[in-house]
Amino acid sequence: MKRTKIKSLLNETTFQKEVTVMGWVKTFRNNQFIAINDGSSIQNIQAVVDFNAFDEGLLKRLTTGAAISVTGTLVESLGKGQKVEIKVKELEILGDSDAEKFPLQPKKHSLEFLREIAHLRFRTNTFNAVFKVRHALAFAVHQFFNERGFTYLHTPIITASDAEGAGEMFKVTTLDFDNTPRNEDGSVNFKEDFFGKATNLTVSGQLEGELAALALGDIYTFGPTFRAENSNTTRHLAEFWMIEPEMAFYDLQDNMDLAEDLLKYVINYALTTCADELDFLKSRLEEEEKQKPQNERSELDLISKLKFCLENNFERITYTEAIDILKQSKPNQKKQFKYLIESWGADLQSEHERYLVEKHFKKPVILTDYPKEIKAFYMRQNDDGKTVRAMDILFPGIGEIVGGSQREERLEKIEQRMTEMHIPAEEMSWYLDTRRFGSAPHAGFGLGFERLVLFVTGMTNIRDVIPFPRTPKNAEF
RNA sequence: UCCUGAGUAGCUCAGCCGGUUAGAGCAUCUGACUGUUAAUCAGAGGGUCGCUGGUUCGAGCCCAGCCUCAGGAGCCA
């Protein structure tokens, strides 16, 4: 008999028909009630067995984690906790799960423990919900850009360019470490390497994205990126996914509008398609926050927070305005900041960003027009000679979720910045060609996908929103 | 990388001032019960106290080094 997915059975209103369900045992209670989950829904279906009618040895194998197939009649439940259940006629164990060895129990586990068994954590409600939401967000990103006529561009994972300066890179090589070919001066001879030059894993697809945008108009990338930074935080991964749109004839305002629209679109998509999952994650977060003191708990629950984000415009202020607000802020005047804001030009620390977003505005904030000294070479210089057309979007609890800018399209200006920042122009000749031939105003940004998933799921550690996290000293599975 | 904290049963944790045979709850196993909702009740089994070395008559506890994890900072998305 053809199997039916649990998700569709839970909404069924016609009863007495025979169905087959396949899934994994969550619990087996009272020698009668099997809670089965097949991943189609965060909810389980209850299958009821008459223990007198089945072999005792067979029922003993209904352990947490076992894969089973049941066939029976779909009926209205006699019990209280669920609407429908299956009266079992046939029961087959597809795969046993030794209860003494299976690490997941019908109880709450710490996220730290589940991280150690990331290959099995998919079986839990929390990770079921997180990865469903992750999928919905990824799908919504493509749908958003597709609806607006953007071209999905696949930029290279392996790159020879190391001038972007977005962080430490992972080397890609086939050279024999025990016998590396050397030049006369003792340095490694990469001419002998696979690509005939030193190569790395990409830290960003932006530069390649710009090349395509200055021909195709509007493009976006959505792929893995790699940073070999020794970062040990709840917001950083060595391998993460990034969305990088790049648009010809966009200025900074257009860029901000697009980023805000994108974020609202995908959050709304998750709210409408993952109601069950978000409801579960909302309760999970509430349980977790009960352990915190009152003043550290969120003012809004997860779903209200997401809706609030949709209903309000992001606050847009310049770096200069932010500095003024911070200078006059209580924690600055009472010297409660670890790094006090004294003058224009200082880079903002996490504590300052958190103050602006969580205390002062209490909503997402877009900061623009940063001093050129603390930003990348490719950002368009303003006429004041001091600032560049950069924009960072800061989210509560997450910090920087988007970083972008209008790009410097004037050849002599970008060359001047490259010289000042010691970036070898000759290696970037292919990039500068865009400025030599039909250069045009353009802009783009990078959105950290896992940080978006963090925000929408209410999870607090980035290692819990990617299936197999890659962090310093950890590349398991 | 820096700062702080942690590592004791499958999981979550307690373990006093260094002193007898290292405890609890949950999970597991055995039995009972049989419309349960993380079922309940009774009983049982389960330990390289992160690793290495040191101090001591004696170390889970004190000291040193290392490993791993978590939180914060930096870097950033």
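Chain naming here is simple, since letters A, B, ... match the order of the sequence lines and numbering starts at 1 in each.
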Contacts of type salt bridge (charged side-chain N to carboxylate O under 4.0 Å, His left out), residue A/Glu408, not counting sequence neighbours
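Testing A/Glu408 for salt bridge (charged side-chain N to carboxylate O under 4.0 Å, His left out), a comparison that skips the adjacent residues, returns A/Arg410.
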Residue set satisfying salt bridge (charged side-chain N to carboxylate O under 4.0 Å, His left out) with A/Lys89, at least two apart, ordered chain then number -> A/Glu18
Would you kindly say whether A/Tyr378 and A/Gln206 are connected by a side-chain donor-acceptor distance under 3.5 Å?
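Note: A/Tyr378 and A/Gln206 side chains meet the donor-acceptor criterion.
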Is the closest side-chain donor-acceptor distance between A/Glu244 and A/Tyr220 under 3.5 Å?
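No, because no side-chain N or O of A/Glu244 sits under 3.5 Å from a partner of the opposite role on A/Tyr220.
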Let's test this: given Watson-Crick or G-U wobble pairing with both distances under 3.5 Å, identify the partner of [N].
| N | result |
| --- | --- |
| B/A77 | none |
| B/C69 | B/G5 |
| B/C33 | none |
| B/C11 | B/G25 |
| B/C62 | B/G54 |
| B/G18 | none |

List for me each residue that meets side chain to side chain donor-acceptor pair (under 3.5 Å) alongside A/Ser405, sequence neighbours excluded, and say none if there are none.
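In terms of side chain to side chain donor-acceptor pair (under 3.5 Å), with neighbours along the sequence ignored, A/Ser405 is linked to A/Arg407.
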Would you kindly give the [atom1]-to-[atom2] distance between [X] and [N], to the nearest whole Å?
| X | N | atom1 | atom2 | value |
| --- | --- | --- | --- | --- |
| A/Leu120 | B/A27 | CG | C1' | 16 Å |
| A/Glu100 | B/G10 | CD | P | 12 Å |
| A/Met391 | B/A77 | CE | P | 12 Å |
| A/Asp98 | B/U28 | CG | C1' | 10 Å |
| A/Ile117 | B/U12 | CD1 | P | 10 Å |
| A/Ile462 | B/C75 | CD1 | P | 17 Å |
| A/Lys473 | B/U1 | NZ | C1' | 11 Å |
| A/Ile243 | B/A77 | CD1 | P | 14 Å |

I'd like the [atom1] distance from [M] over to [N], given in whole Å.
| N | M | atom1 | value |
| --- | --- | --- | --- |
| B/C61 | B/G18 | P | 11 Å |
| B/A39 | B/A27 | P | 8 Å |
| B/G25 | B/C62 | P | 27 Å |
| B/C51 | B/C13 | C1' | 22 Å |
| B/G46 | B/U30 | C1' | 15 Å |
| B/G31 | B/A70 | C1' | 42 Å |
| B/G45 | B/C29 | C1' | 7 Å |
| B/C69 | B/U12 | P | 15 Å |

Please, which pairs that meet salt bridge (Lys or Arg N to Asp or Glu O under 4.0 Å) have at least one residue in residues 353-369 of chain A, sequence neighbours excluded?
A/Glu299-A/Lys362, A/Glu315-A/Lys363
Output every pair passing salt bridge (Lys or Arg N to Asp or Glu O under 4.0 Å) with a member in residues 459-473 of chain A, not counting sequence neighbours, ordered by first then second residue.
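Output for this query lists A/Arg115-A/Asp464, A/Arg121-A/Asp464.
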Qualifying residues under ring pair (Phe, Tyr, Trp, His ring centres under 6.0 Å), relative to A/Phe122, sequence neighbours excluded
A/Phe131, A/Phe468
Pairs: protein N or O with nucleotides 49-51 of chain B N or O, under 3.5 Å:
none

Using a strict 4.0 Å threshold on nitrogen-to-oxygen distance, state whether A/Lys60 and A/Asp96 make a salt bridge.
no
Below 4.0 angstrom, N of the basic side chain to O of the carboxylate: do A/Glu288 and A/Arg284 qualify?
yes
The answer to which of A/Thr471 and A/Phe240 contacts RNA chain B further toward the 5' end, by nearest nucleotide, is A/Thr471
Whichever of A/Glu400 and A/Pro103 has the more 5' nearest nucleotide on RNA chain B, that residue is A/Pro103
side-chain hydrogen bond (donor to acceptor under 3.5 Å, both in side chains) contacts touching residues 23-32 of chain A (sequence neighbours left out)
A/Lys26-A/Asn125, A/Thr27-A/Arg29
Short N/O separations, protein against nucleotides 24-26 of chain B, under 3.5 angstrom:
{"residue": "B/C26", "atom": "O2", "partner": "A/Lys107", "partner atom": "NZ", "Å": "3.4"}

Checking A/Lys386 against A/Trp344: charged group under 6.0 Å from the ring centre and within 45 degrees of the axis?
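Yes, a cation-pi geometry.
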Is A/Leu104 touching bases, backbone alone, or none of the nucleic acid, heavy atoms closer than 4.0 Å?
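It contacts nothing in the nucleic acid.
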Given the side-chain rings of A/Phe144 and A/His142, with only the six-membered ring counted for Trp, is the space between their centroids under 6.0 Å?
no
Would you please indicate yes or no on a ring centroid separation below 6.0 angstrom for A/Phe240 and A/Phe226?
no
Does A/His109 make a side-chain donor-acceptor contact with the base of B/C11, cut-off 3.5 Å?
no
Report each atom pair, protein N/O against N/O of nucleotides 71-73 of chain B, whose distance is under 3.5 angstrom.
{"residue": "B/G71", "atom": "OP1", "partner": "A/Asn461", "partner atom": "ND2", "Å": "3.0"}
{"residue": "B/G71", "atom": "OP2", "partner": "A/Asn461", "partner atom": "ND2", "Å": "3.3"}
{"residue": "B/G72", "atom": "OP2", "partner": "A/Thr234", "partner atom": "OG1", "Å": "3.4"}
{"residue": "B/A73", "atom": "OP1", "partner": "A/Arg354", "partner atom": "NH1", "Å": "2.9"}

Could you encode protein contacts along nucleotides 32-37 of chain B as a string, one character per nucleotide from 5' to 3', using B for base contact, S for sugar-phosphate-only contact and - for no contact, with a heavy-atom cut-off of under 4.0 Å?
-BBBBB
Pairs satisfying ring-ring contact (aromatic ring centres under 6.0 Å, His included), at least one member in residues 27-68 of chain A, at least two apart
none
Between A/Gln16 and A/Thr73, does the side chain to side chain donor-acceptor pair (under 3.5 Å) criterion hold? Intermediate values first, please.
CA-CA 6 Å; A/Gln16 299 307 322; A/Thr73 318; 5.5 Å; no
